[in-house]
Amino acid sequence: MTSTTDTTRELLLSRIRDVQDYPKPGVLFKDITPLLADPTAFAALTDTLAELCVRHGATKVVGLEARGFILAAPVAVRAGLGFVPVRKAGKLPGATLSQAYELEYGTAEIEIHAEDLAAGDRIMVIDDILATGGTAEASLELIRRAGAEVAGVAVLMELGFLPGRARLEQGLRGAPLEVLITV
């Protein structure tokens, strides 16, 4: 757990809207767009995540497509670090490294520019939600295949009733998992 104050956690949580039956019946979607629209809440989130990057000695920030981009880019700027996107396969031009991973019903693939990470880089992975952990786990493999080190994974919210934390445990190899809110 991070040093996020109770006040900051309450502010962030108060700006996350529950949407019933989205994207399909029976799902309770956690919508972060009200948090992003509130400059005070968004700044508090950015500051908290940037502090984690500094604390864990990150030299670059990786954002996971798509909402991870929205969070990670301003965090990288605030922390004075570079930002590297991890995209769905086929979205990046030039030489890429790719990593396939298992979904509940099938597979998916993510990519990163091969030259954006190098030996000596310490990477903080940032995303909005940790659910099943597949994308985050695949990103850790990509980072290591590029020759970089994982400084940690930081997420705004963990869906504690899903197996994301357990799935990431081995892939983290001792790097921290920082969760600001668990629902």
Side-chain angles (χ1 to χ4, degrees), residues 1-4 8 12 32-33 35-101 108-131 133-158 164 167-168 170-181:
M1 188 56 84
T2 70
S3 62
T4 307
T8 299
L12 299 176
I32 67 166
T33 59
L35 186 155
L36 301 173
D38 180 325
T40 302
F42 195 16
L45 174 59
T46 300
D47 290 344
T48 300
L49 292 172
E51 185 273 324
L52 290 172
C53 290
V54 171
R55 182 187 322 155
H56 295 299
T59 60
K60 289 184 181 169
V61 174
V62 158
L64 304 182
E65 189 166 342
R67 289 181 300 257
F69 296 171
I70 297 167
L71 304 184
V75 167
V77 170
R78 183 74 46 94
L81 306 173
F83 167 73
V84 180
V86 168
R87 303 282 325 255
K88 293 175 183 170
K91 300 289 186 179
L92 291 172
T96 61
L97 293 174
S98 63
Q99 182 68 40
Y101 62 99
E109 190 173 3
I110 56 174
E111 293 180 331
I112 194 166
H113 274 132
E115 72 275 3
D116 288 347
L117 301 180
D121 284 335
R122 287 185 44 81
I123 310 304
M124 180 64 80
V125 176
I126 294 181
D127 205 3
D128 64 329
I129 293 179
L130 175 60
T135 307
E137 179 185 45
S139 74
L140 300 179
E141 180 64 26
L142 274 179
I143 290 164
R144 290 188 178 107
R145 286 180 46 219
E149 181 182 339
V150 175
V153 174
V155 296
L156 166 61
M157 190 175 0
E158 177 182 9
R167 184 171 184 175
L168 274 185
Q170 183 176 353
L172 284 166
R173 299 184 195 167
L177 170 60
E178 300 280 5
V179 175
L180 304 185
I181 298 167

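Every heavy atom of this structure was used, including side-chain atoms; hydrogens, water molecules and symmetry mates were not.
Side-chain atoms of Arg144 come within 3.5 Å of backbone N or O of Gly171 as a donor-acceptor pair. Side chain of Lys60 to main chain of Asp116: a donor-acceptor pair is present (N/O by atom type, distance under 3.5 Å, no hydrogens or angles). Judged by distance alone, the side chain of Arg145 and the main-chain N or O of Ser98 form a donor-acceptor pair under 3.5 Å.
Closest approach of Tyr101 to Glu109, counting heavy atoms only: CE2-N, 4.1 Å. Scanning both residues, Glu111 and Lys91, for their nearest heavy atoms gives OE1-N, 4.2 Å. Between Cys53 and Ala79, the shortest heavy-atom contact is CB-CB, 4.3 Å. Across all non-hydrogen atoms, the minimal contact from Gly63 to Phe69 is O-CE2, 3.3 Å. The shortest heavy-atom contact between Ala72 and Ile126 is CB-CB, 4.0 Å. In terms of heavy atoms, Ala138 sits closest to Ile110 at CB-CD1, 3.6 Å.
For the atom pair CD1 of Ile112 and CG of Leu117, the computed distance is 4.0 Å after rounding to the nearest 0.5 Å. In this structure, OG1 on Thr135 lies 10.0 Å from CG on Leu168, to the nearest 0.5 angstrom. Taking CG from Leu130 and CD1 from Ile181, the interatomic distance works out to 13.5 Å, rounded to the nearest 0.5 Å. Atom CD of Glu178 sits about 13.0 Å away from atom CG of Leu156, to the nearest 0.5 Å. Between the CG atom in Leu180 and the CG atom in Leu49 there is a gap of 5.5 Å [rounded to 0.5 Å]. Rounding to the nearest 0.5 Å places CD1 of Ile70 at 11.0 Å from CG of Leu35.
Between Val153 and the options Ile123, Val62, Leu177, a side-chain contact (heavy atoms from CB on, under 4.5 Å) holds for only Leu177. The only member of Leu140, Leu142, Ile143 that meets side-chain contact (heavy atoms from CB on, under 4.5 Å) when paired with Gln99 is Leu142.
Counting heavy atoms from C-beta outward, Phe42 and Thr46 have side chains that approach closer than 4.5 Å. Taking the side chain as every heavy atom from C-beta outward, Leu36 and Leu71 approach each other to under 4.5 Å. Residues Arg87 and Thr96 have side chains not in contact (no heavy-atom distance under 4.5 Å, counting atoms from C-beta outward).
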Criterion salt bridge (charged side-chain N to carboxylate O under 4.0 Å, His left out) on Glu149 and Arg122, from CA distance to verdict: CA-CA 5 Å; Glu149 181 182 339; Arg122 287 185 44 81; 2.4 Å; yes
